[in-house]
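Per chain, numbering begins at 1; letters A, B, ... match sequence-line order.
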Amino acid sequence: MKIAKVIVDVPVMQTNRPFDYEIPRAMTPLIQKGLRVVVSFGKGNRLLQGYVVDIVDKQAVSTPLKPIVDIIDLEPVLTPELLELSDWLAKSTYAFRITCLQTILPGVMRGSYDKVVHVLQPDYPQLPTFLKQAAPVVLDDQVGKSELAALLKLRQAGVIRFEYQVHNKAKIKTQRAIMLSQSAESLLQQAQALPERLKKQKELLHYLARQTADADFVWVKTVQSLFSASVLKTALKHQLITIKALEVKRRVLPDKRVAEAPRQLLPDQKRAVAAIDQATNNKLAKVFLVEGVTGSGKTEVYLQTMQRALDLNKSALMLVPEIALTPQMVQRVFQRFGNQVAVLHSGLSEGEKYDEWRRIREGKAKVVVGARSAVFAPLENIGIIIMDEEHEYSYKQEDTPRYHARNVAIHRAAYHHCPLVLGSATPSLESRARAQKGVYQLLRLPTRVNQAPLPKVQIIDMRENIEQHQTLDFSRALSDAISVRLAKKEQSVLMLNRRGFSSFVMCRDCGYVVKCPNCDISLTLHMDTHTLKCHYCGHEEPIPKKCPNCHSNKIRYYGTGTEKVEKELQEMYPKARIIRMDVDTTRKKGAYGRLLKAFGDGQADILLGTQMIAKGLDFPNVTLVGVINADTALGLPDFRASERTFQLLTQVAGRAGRGAKKGEVIIQTYNPDHYAIQLAKSQDYEKFFRTEMNIRHQGNYPPYYFTVRLACSDPEENKAAKAAFSILKLLQPGLSQKAIILGPSPRAIARIKNRYYYQIIVKYKQEPKLAQTLDHILNLTQKSNYRQLQISIDQEPLQFM
DNA sequence: AGCACGCCGACT
DNA sequence: GTCGGCGTGCTC
């Protein structure tokens, strides 16, 4: 007997394994691995969506199995590769298998459920009024607790019955079309044969005869503009025409394109392309790190190596961070590869995503460009994977499954025996260190394609500014530079670093930031307790009244908002046209693109924004880039603070002087001597890498150590704390002496949604028993007395707060 | 998650 | 005595 192993849609620890189901005889020829099915589950026999992950032979079983109720898909939605990937993902991120399956597939594939009440005894006296009707009633999502209790009682009394329905949200969009199954001649013949009085019918047939020249069908929608609905109805009645519902794929990319040919390569680019092509040709799962300054032509290297994969009749996957931010990039890929390109990103509607996904699944799209989740694109026979801006933090998903797209890409590249190309001007330290060790192959592109010099970067010491200038946010140098641009009708981009707003304490005289004595990490300000806390080890101290370094009393929390700066700017330059871009002004869909376009069209003189303006913008008329506060990220309680600051400043500096005119960059800071700022000024990534590696080495941080974060939360604070300590007890025996455990400590925002959070961070190099221990902890904490306790594990977290 | 079973307190 | 509260365990 064949048995189907099914992962059911119940995301809890206890059901995180396949369940066996009988395959009814009628389904035997249809059933396959990777299909979605409907199964009945639990005592109430409620219907759930499930995924067939395996089909096995099994001899007669002692307890009878439930049969599969229904098959949802005709073709498997998951390839064997993606099935394996979901298993690997679940194991490596400590997430439920079902959650991983749902992450891999487009959102519409997730089952939606309805609870329907059928009334069995319509004349029952205490029947609630809303049930006193003939038809079954669909319960809405928010049925009150007491209401539900009453309904359960009625069910027990046999008055009503529940029915669970599973819906497939994945709908194929169709449009009605008149099929042109006959030749033009036969249509005209039919028209001839019609009696004279059917004038409109004759006209219709003549019209259709003309269309047969270049199509198999005509949309009803277009015909309706020429003929009325009743004409079509008559024609249909007389069987002169047939109408079918044809699928229309929601398309994301335009129909037309300006085809673009490959560009000439510089020697460095040529070398890089050759090295990558060699891996593609020889089916080597090598990882390359392309380290190229802004404007060095990384994109051209990507495009040409992707072309190589296509030439070998393979597919290509290209990951771009937050794709909405770089429409130029998508455009360029489209111009090169045309209709075989599919785009996947969060800006698409569910339906659009589904259609693009199916074009990939059906093999119609061989090139995929997309953001983080596109790493799961159902491509087969992948010849190359590209990951642009590999250092970007948006590649890490912040909620379950907490995966990093880079790791998924590495896994898929290994499966497909194809190269993975990581590209960045400022690679993550993890990747650059791996290249150093020879795990990845480093390909450097040190020169700019157009030979343009890097913009001149000037650093302004804001500590001096306080005395000289009354406005705190603008130095004389920056305001003068803005005035010059306004006079010359050139544009300025001003960036306000909002990360870490008001959350740390800094001395305005010397730039000193209070750090944890144990962890060498900035302390975070907690206004509720009026203390400074370390989020790593839990160290706590009072807020200093005087700067411990220079004894000034100008030590206070630090931060500035975009609105305030905009007001200041407007006062300084009443005639300047300013576009402000922050979370508030870009919340609406499409607002981001609209504002950028307005700026690109020259409708404003100054673009003021948060870090979102640092990425990928390319406006030739921008000759000044100002960073109003370079420090805020440095103050974050995060060992990656320097790295983030360096990356951000380097990136934003690249926005200046993209066109023919020379660019200038002004960075305002209270830490002018900080290496991250100094090295951003000289745009010297390699030196930054060496300096920062040293610091990481001394502090036992990545990439010298791996990290894992265990967080637990409970509505009751003492329970959360107690749980954290029992987790610690469970953890310790599974670790060697060399592992470093930090915490348990309360998280920065101790209470979110009425839950208290505690966390433990483990730093380690080699811990063979760690994964097993973590699984054990997950299993135990589910069964323990802590019913309300939630526990999460984040491998290599990027956010430690 | 959702359901049943089962064991204790306050009601007809 | 029993109704119903929720704590506990199971779902092919």
Side-chain angles (χ1 to χ4, degrees), chain A residues 1-25 27-28 31 33 35-72 90 95-103 110-118 126 138-167 399-400 714-716 719 723 755 778-792:
Chain A
M1 187 172 56
K2 291 264 190 212
I3 300 271
K5 298 261 181 200
V6 177
I7 299 286
V8 293
D9 190 2
V10 182
V12 295
M13 203 71 218
Q14 291 90 332
T15 55
N16 189 30
R17 62 188 172 87
F19 285 83
D20 293 347
Y21 282 88
E22 181 201 319
I23 302 166
R25 192 160 300 268
M27 289 182 193
T28 315
I31 203 92
K33 274 207 245 181
L35 283 174
R36 290 179 301 159
V37 289
V38 177
V39 292
S40 127
F41 193 70
K43 307 223 168 105
N45 277 333
R46 71 198 164 109
L47 298 180
L48 291 177
Q49 187 174 297
Y51 294 85
V52 178
V53 293
D54 209 356
I55 294 165
V56 294
D57 270 308
K58 207 167 188 178
Q59 270 65 55
V61 274
S62 46
T63 47
L65 300 176
K66 287 187 186 175
I68 288 172
V69 174
D70 203 0
I71 297 179
I72 300 175
F96 303 126
R97 186 81 188 272
I98 186 68
T99 317
C100 295
L101 288 164
Q102 286 169 342
T103 308
R110 197 168 295 204
S112 73
Y113 303 98
D114 271 333
K115 207 180 215 176
V116 183
V117 182
H118 290 260
Q126 288 114 49
V138 180
L139 292 186
D140 30 26
D141 303 334
Q142 291 305 311
V143 188
K145 251 193 176 168
S146 55
E147 262 181 86
L148 197 67
L151 287 172
L152 286 169
K153 213 179 290 174
L154 286 174
R155 179 173 64 167
Q156 233 153 32
V159 179
I160 58 168
R161 157 178 90 79
F162 286 163
E163 185 188 284
Y164 297 93
Q165 291 179 349
V166 183
H167 299 290
D399 38 51
T400 50
D714 196 280
E716 287 176 59
K719 277 199 178 169
R755 299 185 73 88
L778 279 179
N779 275 313
L780 266 183
T781 46
Q782 283 293 314
K783 286 176 189 144
S784 71
N785 331 326
Y786 302 99
R787 291 293 289 180
Q788 296 294 312
L789 187 80
Q790 279 174 13
I791 174 157
S792 74

Contact class for A:Phe41 vs. all strands (heavy atom < 4.0 Å): base, sugar-phosphate, or nothing? base
Ranking B:dA1, C:dC12, C:dG9 by distance to the side chain of A:Thr15, first place goes to B:dA1
To the nearest angstrom, the CD-P distance between A:Gln790 and B:dA1 comes to 9 Å
Sorted by number, residues from residues 45-53 of chain A placing a heavy atom under 4.0 Å from DNA chain B are A:Arg46
When rounded to whole Å, the CZ to P distance for the pair A:Arg97 and B:dA1 reads 20 Å
Side-chain contact check for A:Val10: nearest option of C:dC10, B:dA1, C:dC12 is B:dA1
Indicate yes or no for a side-chain donor-acceptor contact from A:Thr15 to the backbone of A:Val10 under 3.5 Å, with no hydrogens or angles considered.
yes
Here the distance between atom C1' of B:dG2 and atom NZ of A:Lys115, to the nearest Å, is 7 Å
To the nearest angstrom, the CD-C1' distance between A:Gln14 and C:dC12 comes to 16 Å
Sorted by chain and residue number, the salt bridge (Lys or Arg N to Asp or Glu O under 4.0 Å) partners of A:Asp70 (sequence neighbours excluded) come out as none
Between NZ of A:Lys66 and C1' of C:dC12 the distance, given in whole Å, is 8 Å
The salt bridge (Lys or Arg N to Asp or Glu O under 4.0 Å) partners of A:Arg97 (sequence neighbours excluded) come to A:Asp87
Those residues at least two apart in sequence (or on a different chain) that pass side-chain hydrogen bond (donor to acceptor under 3.5 Å, both in side chains) with A:Gln102 are A:Asp9
With respect to the phosphate group of B:dA4, does any side-chain polar atom (N or O) of A:Arg155 fall under 4.0 Å of OP1 or OP2? yes
Here the salt bridge (charged side-chain N to carboxylate O under 4.0 Å, His left out) pairs for residues 44-53 of chain A, sequence neighbours left out, are none
In whole angstroms, the gap separating P of B:dG2 from OH of A:Tyr113 amounts to 11 Å
For A:Thr103, the side-chain hydrogen bond (donor to acceptor under 3.5 Å, both in side chains) test, sequence neighbours excluded, returns none
Of the listed C:dC10, C:dC12, B:dA1, the closest approach to the A:Asp20 side chain comes from C:dC12
Tested for salt bridge (Lys or Arg N to Asp or Glu O under 4.0 Å) against A:Lys5, the lone hit among A:Asp54, A:Asp20, A:Asp57 is A:Asp20
Mind checking if A:Arg17 touches a base, just sugar-phosphate, or nothing, with heavy atoms under 4.0 Å? base
Query raised in the report: Does OP1 or OP2 of C:dT11 have a side-chain N or O of A:Lys43 closer than 4.0 Å?
Result: no
